[in-house]
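The next block holds one structure in the form of structure tokens; read it before the comments.
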Amino acid sequence: METIKIQYLDDSIHRLEYIDGKSDWIDLRAAEDVELKEGEFRLIPLGVAMQLPEGYEAHIIPRSSTYKNFGIIQSNHMGLVDESYCGPNDWWYMPAIALRDTKICKNDRICQFRIEKHQPTLIFNEVSALTGKDRGGIGSTGKN
Ligand SMILES: O=c1ccn([C@H]2C[C@H](O)[C@@H](COP(=O)(O)OP(=O)(O)OP(=O)(O)O)O2)c(=O)[nH]1
């Protein structure tokens, strides 16, 4: 188990919880009512700020049903929350683009997150050619 220090915007923000039997990803909620016109972009506040455990980062992705329910897509596709993003003003947001006119209500569950360990430090060792077994490049396995 790991502990996360979490600050909520105020008492009206529903507290984070596991949805029983779902998965270990944890849903995040819009911190305010949001109305967007088709094509409009907004950083939607999620009402939480966290100090992640040492050695971890967090990944935010949409829920599978987010587009169906709200007509928004996450503009960065996957959000990365750095371990260093841990101050009292480091609030989490979902950057979202509306593909239709839409209304999101405060406390609607619009995305989800999990924490992951940082990758090891990478050393880039330049070579003139790779000697691994060749796959034939992108798309080489065909369609069927
Ligand atoms: O979906 C996201 C992605 C990022 N963040 C926060 C946490 C992250 O640590 C910080 C900066 O993100 P990133 O480094 O990916 O963005 P940037 O555009 O490079 O911003 P910065 O100049 O603040 O590093 O913004 C979010 O709240 N939601």
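Just so you know, ligand 1 is whichever comes first in the structure, and atom 1 is the first atom listed for that ligand.
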The answer for which part of Pro95 has a heavy atom under 4.0 Å from ligand 1 is side chain
- Message: Would the distance check show the side chain of Gln74 and the main-chain N or O of Ile60 forming a donor-acceptor pair, the cut-off being under 3.5 Å?
- Response: yes
Nearest non-hydrogen protein atom to atom 26 (C) of ligand 1, with distance, is Tyr93 O, 3.6 Å
Among non-hydrogen protein atoms, atom 11 (C) of ligand 1 lies closest to Asp82 OD2, 4.1 Å
Near Trp92 (heavy-atom distance under 4.0 Å), the atoms of ligand 1 are 27 (O)
Ligand 1 to Gly79, heavy atom cutoff 4.0 Å, flagged ligand atoms 1 (O), 2 (C), 3 (C)
Original post:
Is the count of non-hydrogen atoms from other residues, nucleotides or ligands lying under 6.0 Å from Tyr18 atom OH greater than 12?
Top reply: no
_Counting only heavy atoms not in Glu17 (residues, nucleotides, ligands), do more than 12 fall under 6.0 Å from its CD?_
yes
Taking NZ in Lys22 as the centre, count heavy atoms belonging to other residues, nucleotides or ligands within less than 6.0 Å. Is the count above 12? yes
**Report entry** Hydrophobic cluster membership, Ile13 vs Val81, 4.5 Å side-chain cutoff
**Finding:** yes
In this structure, atom 1 (O) of ligand 1 is nearest to the protein heavy atom Asn76 ND2, 3.0 Å
If only atom types and distance count, is the side chain of Ser75 paired as donor or acceptor with the main-chain N or O of Ile97 below 3.5 Å?
no
A student comparing Leu80, Ile61, Leu46, Asp90 should find that the heavy atom closest to atom 5 (N) of ligand 1 comes from Leu80
Under-4.0 Å heavy-atom contact between protein and atom 28 (N) of ligand 1:
yes
Among non-hydrogen protein atoms, atom 6 (C) of ligand 1 lies closest to Tyr85 CZ, 3.6 Å
Please indicate whether Ile138 has more than 12 foreign heavy atoms, meaning atoms of other residues, nucleotides or ligands, lying under 6.0 Å from its CD1. no
Less than 4.0 Å from atom 14 (O) of ligand 1, is there any heavy atom belonging to the protein? yes
Report task. Kindly indicate whether atom 22 (O) of ligand 1 is approached by any protein heavy atom to under 4.0 angstrom. Result -> no
Using the ring pair (Phe, Tyr, Trp, His ring centres under 6.0 Å) rule, take Trp92 and Tyr85 through it: C-alpha gap first, then chi angles, then the decisive distance, then the call. CA-CA 9 Å; Trp92 291 26; Tyr85 195 77; 7.7 Å; no
